[in-house]
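Protein chains get the first letters and strands the later ones, always in sequence-line order, with residue 1 at the start of each. Values in this document were obtained by computation on a predicted structure and should not be read as measured data.
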Amino acid sequence: MSERSLIVPRRRLDRRRLRLGAAPRWISRLPALLWPLALPAIVLLGWQVATTRGWLAPQILPAPAAVVATLIDLARDGDITSNLAISLWRIVSGFAIGAGAGIVFGVALGVSPRLERFLGPSFRAVAQVPSLGWLPFLILIFGIGETLNYVIIAKACFVPVVLNTAGGIRNIPRQYLEVADAFRLTRTTRIFRLILPAALPQVFSGIRLALSHAWIALLVVEMLADTEGVGYMMTWGRTLFQIDVVLAGMVLIGIIGFVMDAGLRRAEKRLRRWVPADG
Amino acid sequence: MIRIRQTLLAAAVAIGSVGVAAAAELPPVIHFAGVGSGFGLPFGQNTFAVAQVKGVMEAEFAGTDVRLDWGYFTGTGPAINEALANGQADFAQYGSIPNIIGYANGLPTRILLSYGGTNIFAVARKDLPIQSIKDLRGRKIAVQKATIIHWALLKALQANGLTERDVTIVDLKNPDTFAALAAGSIDAAFGASYILPLRDQGIVKVIYSTKDGGAQATGFGAIVVTDSFQKRYPEATQRVVDGLVKAGRFIGEDENREEVLRIWAKSGVPYEIIAEDFAGKPLRAQTNPLIDDFYLAQFRDAIEFEKQQKLIRRDVDLTAWLEPRYLADALKRLDLENFWPHRSADGLRQSAAN
């Protein structure tokens, strides 16, 4: 017993020394931070080996350094910034339209069982057709132009937002609604003070899904029916048989998608903090 | 992976007996790639189509185990460049613009012969007051960029005192062009004869054709072979070129005209459209395979165009790219040296014409 009581403080001391010592905390977390980078490093190494050994012709797989050089070139010429600005503007506009309308429609479906029975099945059937499937038809209606981009992106956002909003509302615990009934809340108060906050986490999952759908839809429409934007930059690279431009586009898309998703994850975490745990 | 397989194969040949080496003179399969018309049919146009359908190429390899594989790519030039790069194609027949793009980016091809010219048309929406190229000022024109049609568009503008800054050029693929014209989101478009059915549907009117623009305005391309194939199989390469020249002779003989047009219609482009495309022109001149001064001048012009348009990042040494000896050999052996007209650089004068 006495021995143990001696040991414990020493351990505490050690721990304290670790914390106060020369090595800051992030060093001890370094392995954990580096772990997710291991796979990209292996892929990069394999890529480099494949190109230096000439396993694939440089016209098919250019060296990583060549792709980085192309990225820098494109950034310097302003190709990346102008195309990116165009693509991001399309995302923001299409997303605002699609997600905004999606929340309204989703709340309507979630709140009114009658509307759900009337519109729900048709909506779910139509939603099965992916954005790409709509493209030939929408090109005929809207022609080639910005309207087409906005419509396709808005459609891509609309569906997951509607489904998640309606689902989130349907999942609200019955007791909440019973309390609202007991208080005889008006419809407006019910929607804004109870239903929306309670459904918020799932609405937000819908929004996150919508943004990733929007990003995919944007690239598809840009690759097929646009003359500007990051997706078009890649198609153009393919046309010019400059695969380094295509790969540079892929790197860019990956980075932006990752940043957008990480941003939304963080926002979601923050939101969850002020939503009741069982909401 | 293809490289590894080829290296292994080469090693096996080197180690093997003389008999193995002799067998390696002919490849087991030869892949041909041409431009598809977008109808999903396993037939194309120009020289390849006749060499395939008339069995001319098969005859060249009769009695051997060589399999011939004809592919027509709807993705046109860019897809053909990719096929040449990954070993899906050994011989390819396609427009000079993607041709040059491939070569300038290090695709190891050699030019064997020409397949002749392609007529290019400009169409405008029927409801607009556009009667000629000059009326295109300030208009929105669709074209698939980095193709021979893009080149022809800029040539036509230039001949009419316009530059690309006077118009808005929209880069669209063919089906999208049709849709955009129908929806009214563009004013005009350039294309080969595949665009003419749109006129028959009453959507557009034809305002220009390279048939009125002279030889220099006409689209053109090359039949190429991958350098590795012609180095490894010179015998097979010669047989292929022989077959193509014989197909060219068949096309050029007036009595076959009707049959040739029918063969090209197998690509899915209606017969009437093809007949109109070539109306009033002898096929022999239209499908001249010669690498003469005119052809070289056209190719130099296209290279210059690509540099100006920043489609290529490097200069192209045309002389090093050409491999005319197979064609010269075939013409001599088949006694066809004077079958086709040899044209001067401006395309106006012809010598040794038949």
- Query: Which heavy atom in A:I139 sits nearest to a heavy atom in B:D176, and how many Å separate them?
  - Reply: CD1-OD1, 3.7 Å
- Message: So for B:L311, is it side chain, backbone, both, or neither that comes closer than 4.5 Å to the heavy atoms of chain A?
- Response: both
- Query: What do you reckon, is CZ of A:R124 surrounded by more than 12 foreign heavy atoms closer than 6.0 Å?
  - Reply: yes
- How about residues 227-243 of chain A versus chain B: which residues have heavy atoms under 4.5 Å apart? A:T227, A:Y232, A:T235, A:W236, A:R238, A:T239, A:L240, A:F241, A:Q242
- Message: Please identify, among B:A142, B:G77, B:P108, B:A183, the residue contributing the most non-hydrogen atom pairs under 4.5 Å to chain A.
- Response: B:A183
- Message: Need one label for B:A79: side chain, backbone, both or neither, based on atoms under 4.5 Å from any heavy atom in chain A.
- Response: both
- For chain A, which of B:P78, B:P98, B:A182 has the most heavy-atom pairs under 4.5 Å? B:P78
- Task: Select one option (side chain, backbone, both, neither) describing which atoms of B:E82 are under 4.5 Å from chain A's heavy atoms.
- Result: both
- Task: Determine the option with the most heavy-atom pairs under 4.5 angstrom with chain A, choosing from B:R313, B:K145, B:E306.
- Result: B:R313
Identify each donor-acceptor pair in which a side-chain atom of residues 61-80 of chain A lies under 3.5 Å from a protein atom, sequence neighbours left out, and give them as a table.
| residue | atom | partner | partner atom | Å |
| --- | --- | --- | --- | --- |
| A:T70 | OG1 | A:A66 | O | 2.8 |
| A:T70 | OG1 | A:D244 | OD2 | 2.8 |

- Contact leader toward chain A among B:T76, B:N105, B:I101, where contacts are heavy-atom pairs under 4.5 Å: B:N105
- Task: Decide if atom CH2 of A:W134 counts as having more than 12 heavy atoms of other residues, nucleotides or ligands within a radius under 6.0 Å.
- Result: no
- Select, from B:I312, B:L172, B:L107, the one with the greatest count of heavy-atom pairs under 4.5 Å involving chain A. B:L107
